[in-house]
*Asks:* 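Can you keep this structure in mind? I'll have questions shortly.
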Amino acid sequence: MTSDVRFGQYPAPDRVIVHLSDPHLLADGRRLYDAVDVQANLEQALRQIERMQLRPDAMVFTGDLADLGEADAYRRLRERVEPVAERLGTTIVWLMGNHDERSVMRTELLDLPAGEQPLDAVWDFGGLRVIGLDSTVPGWHHGELEDSQLEWLESVLATPAPLGSILAMHHPPVPSSIPFFDILELRDQHRLEAVLRGSDVRAILGGHLHYSTSSTFAGIPVQVASASCYSMNLSLPSVEVNGMFGGQSFNLVHVYDDRITHSTVPLGDYTTADTFSAAFVDRMAALTPAERLEAFSRKR
Ligand SMILES: [Fe+2]
Ligand SMILES: [Fe+2]
């Protein structure tokens with residue numbers, strides 16, 4: 001009862017998505033830059049997700065799954081994420097990032113035949129459509145979309161989905177305050193904008209930047225999830241921004257009838273206060289709205 005109790009004016013969300021990005025796993029459990037235990041950081045994120053006792057409709061990973069596109073890195077990713085998804089009864093949406101290798105990801109992660117075609121796909125979560133767009137360019141780190149991909153996207157969007165669409169892609173169509181990221185941006189974004197304008201896309205999920213940021217594109221809210229591996233130290237001058245071994249996070253995406261919220265969850269086990277509990281919520285639930293206001297809102 002406690003988990004779906006509502007005390008405010010909004011109904012429960014229609015759908016919930018966990019949005020993770022950029023795990024950058026390496027073969028043999030190696031550390032990234034000989035420093036970052038990327039596998040432990042992913043495991044930390046998964047532990048926290050399980051602890052929430054959510055039943056998310058999807059876990060969306062917006063790319064850079066394997067830092068060097070190694071087969072063993074994808075196997076390690078599966079070994080860790082798939083059992084969690086199974087226990088949560090959720091679907092994993094794997095997307096390509098510039099660090100991934102299409103053919104290896106196809107065979108090792110997706111059980112598809114080898115090949116270099118873009119990994120675009122559509123999922124349906126009870127009327128909420130998630131469209132995964134592969135923004136990567138083989139052999140390069142910047143992003144681009146082929147004409148055929150934009151034509152495909154246009155054909156998908158020609159039929160609106162009952163709960164609308166969420167577009168997920170690695171390279172987010174937003175400006176960055178960090179000069180070097182502009183070199184690795186999604187190029188020719190006006191072409192994507194032309195396809196998205198007037199469509200039923202309600203949110204765009206991205207990764208790649210390794211820091212949380214939000215913006216709009218073609219009038220659509222864009223949310224970038226930071227990385228699970230390492231984040232960017234934005235407290236430095238923009239020309240000196242580098243990876244920092246802290247501040248990693250993932251996002252919770254709550255999809256309501258008429259809006260979507262994105263909430264950032266920091267990785268780490270922190271000391272928390274013990275003010276609230278399920279018993280406290282049950283006590284509040286037993287009160288009338290007026291009694292609840294009196295009990296919890298009135299200043300003492
Ligand atoms: Fe990345
Ligand atoms: Fe990236």
Side-chain angles (χ1 to χ4, degrees), residues 3 13 15-26 32 36-67 73-74 76-100 109 123 125 128 130 132 166-172 174 203-215 221-234 243-255 260-270 272:
S3 62
R15 302 286 177 270
V16 179
I17 292 172
V18 181
H19 175 197
L20 303 105
S21 206
D22 296 74
H24 283 258
L25 285 201
L26 286 156
L32 187 61
V36 192
D37 194 341
V38 289
Q39 186 172 298
N41 291 351
L42 173 68
E43 290 166 353
Q44 172 73 31
L46 295 171
R47 263 198 310 280
Q48 289 181 241
I49 290 163
E50 281 214 84
R51 198 170 62 193
M52 286 189 285
Q53 301 177 7
L54 279 178
R55 302 287 294 175
D57 296 279
M59 291 173 78
V60 177
F61 284 79
T62 43
D64 282 357
L65 310 175
D67 189 61
Y74 291 114
R76 283 170 179 273
L77 194 60
R78 285 185 93 148
E79 282 168 14
R80 276 149 191 84
V81 181
E82 285 182 349
V84 174
E86 198 167 315
R87 286 195 289 275
L88 297 178
T90 194
T91 301
I92 310 168
V93 171
W94 297 118
L95 297 178
M96 275 283 297
N98 51 292
H99 281 263
D100 292 302
L109 189 65
W123 291 262
F125 299 107
L128 176 70
V130 172
I166 290 179
L167 177 66
M169 57 198 298
H170 183 64
H171 297 82
V174 298
I204 300 172
L205 307 184
H208 189 52
L209 300 181
H210 290 224
Y211 62 88
S212 303
T213 193
S214 55
S215 183
V222 181
Q223 186 69 44
V224 178
S226 184
S228 70
C229 63
Y230 66 86
S231 69
M232 285 291 160
N233 188 354
L234 297 185
M244 67 175 180
F245 306 148
Q248 301 93 333
S249 61
F250 60 89
N251 284 357
L252 296 178
V253 184
H254 289 95
V255 181
I260 297 177
T261 62
H262 305 263
S263 308
T264 298
V265 183
L267 292 201
D269 292 314
Y270 302 103
T272 50

*Asks:* Supply the atom-to-atom distance Leu77 CG to Trp94 CH2, rounded to the nearest 0.5 angstrom.
*Replies:*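 The CG atom of Leu77 sits 3.5 Å away from the CH2 atom of Trp94.
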*Asks:* Side chain to side chain contact (heavy atoms under 4.5 Å, CB included) between Val130 and Ile17: does it pass, once the steps are laid out?
*Replies:* CA-CA 10 Å; Val130 172; Ile17 292 172; 4.2 Å; yes
*Asks:* Taking all heavy atoms of Val36 and all of Cys229, pick out the closest pair and write down the distance.
*Replies:*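 Closest pair (atom of Val36, atom of Cys229, distance): CG1-O, 3.2 Å.
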*Asks:* Within a strict 4.5 Å, meaning less than it, do heavy atoms of the Ile204 and Val174 side chains meet?
*Replies:* no
*Asks:* Where is the tightest heavy-atom contact between Asp67 and Leu32, given as atom of each residue plus distance?
*Replies:* OD2-CD1, 3.2 Å
*Asks:* For residues Leu109 and Asp100, determine if any side-chain heavy atom of one lies less than 4.5 Å from a side-chain heavy atom of the other.
*Replies:*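 The answer is no, as the side chains (C-beta and beyond) never meet within the 4.5 Å cut-off.
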*Asks:* Checking Ser21 side chain against Ala227 main chain: does a donor-acceptor pair fall under 3.5 Å?
*Replies:* no
*Asks:* Quick one: closest heavy-atom pair of Gln223 and Asn251, and the distance?
*Replies:*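 In this case the closest contact between Gln223 and Asn251 is CG-ND2, 3.6 Å.
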*Asks:* Quick one, Leu252 and Val18 - any side-chain contact, counting heavy atoms below 4.5 Å?
*Replies:* yes
*Asks:* Let's go through Val16 and Val255 carefully: what are the C-alpha distance in whole Å and the side-chain angles of both, what is the deciding distance for side chain to side chain contact (heavy atoms under 4.5 Å, CB included) to 0.1 Å, and is it a yes or a no?
*Replies:* CA-CA 6 Å; Val16 179; Val255 181; over 6 Å; no
*Asks:* Could you check whether Thr62 and His19, counting side-chain N and O atoms only, form a donor-acceptor pair closer than 3.5 Å?
*Replies:* yes
*Asks:* Once you round to the nearest 0.5 Å, how far does CZ of Arg47 lie from CD of Glu43?
*Replies:* 7.0 Å
*Asks:* Of all residues at least two apart in sequence or in a different chain, which pass the side-chain hydrogen bond (donor to acceptor under 3.5 Å, both in side chains) check with His208?
*Replies:* Asn98, His170
*Asks:* Can you list the steps and then say if Ile260 with Ile166 is a side chain to side chain contact (heavy atoms under 4.5 Å, CB included)?
*Replies:* CA-CA 10 Å; Ile260 297 177; Ile166 290 179; 4.2 Å; yes
*Asks:* Under the salt bridge (charged side-chain N to carboxylate O under 4.0 Å, His left out) test, which residues partner Arg15, sequence neighbours left out?
*Replies:*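 Counting only residues at least two positions away or on another chain, Arg15 forms no salt bridge (charged side-chain N to carboxylate O under 4.0 Å, His left out).
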*Asks:* Take His24 and Leu42 through the test side chain to side chain contact (heavy atoms under 4.5 Å, CB included) and record every step on the way to the result.
*Replies:* CA-CA 9 Å; His24 283 258; Leu42 173 68; over 6 Å; no
*Asks:* State whether the side chain of Gln39 and the backbone N or O of Ala73 hold a donor-acceptor pair below 3.5 Å, judged by distance alone.
*Replies:*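 No; judged by distance alone, with no hydrogens or angles, the pair does not exist.
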*Asks:* Do the non-hydrogen side-chain atoms of Met59 and Leu46 ever get within less than 4.5 Å of each other?
*Replies:* yes
*Asks:* Looking at every heavy atom in both Tyr74 and Ala66, which two are closest together, and how far apart are they?
*Replies:*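 Result for this residue pair: CZ-CB, 3.5 Å.
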*Asks:* Nearest 0.5 Å please: distance from the CG atom of Leu95 over to the CG atom of Asp64.
*Replies:*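 That separation rounds to 11.0 Å.
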*Asks:* Do the side-chain N and O atoms of His210 and Asp22 include a donor-acceptor pair separated by under 3.5 angstrom?
*Replies:*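 Result is yes, a qualifying pair exists.
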*Asks:* Report yes if the side chains of Leu88 and Pro56 come closer than 4.5 Å at any heavy-atom pair, otherwise no.
*Replies:*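 Yes, their side chains come closer than 4.5 Å.
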*Asks:* Identify the heavy atoms of Ser226 and Gly247 that sit nearest to each other, and give their distance.
*Replies:* OG-O, 4.3 Å
*Asks:* For a quick test of reading the model, state the closest non-hydrogen atom pair linking Pro172 to Gly207 and the distance between them.
*Replies:*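 Nearest heavy atoms, Pro172 then Gly207: CD-O, 3.4 Å.
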*Asks:* Taking only residues two or more places apart in sequence or in another chain, which ones pass side-chain contact (heavy atoms from CB on, under 4.5 Å) with Arg55?
*Replies:*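 Checked Arg55 against side-chain contact (heavy atoms from CB on, under 4.5 Å); zero matches.
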*Asks:* Calculate, to the nearest 0.5 Å, the distance between atoms OG1 and CD belonging to Thr91 and Glu86 respectively.
*Replies:*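 Nearest 0.5 Å value for the OG1-CD distance: 11.5 Å.
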*Asks:* Distance from Ile49 atom CD1 to Arg87 atom CZ, nearest 0.5 Å?
*Replies:*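 That separation rounds to 11.5 Å.
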*Asks:* So, taking the atom named OG in Ser228 and the one named CD in Gln248, what distance separates them when rounded to the nearest 0.5 Å?
*Replies:* 7.5 Å
*Asks:* Can you check whether Val224 reaches Tyr211 side chain to side chain, under 4.5 Å on heavy atoms?
*Replies:*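 Side chain of Val224 against side chain of Tyr211, heavy atoms only: no contact under 4.5 Å found.
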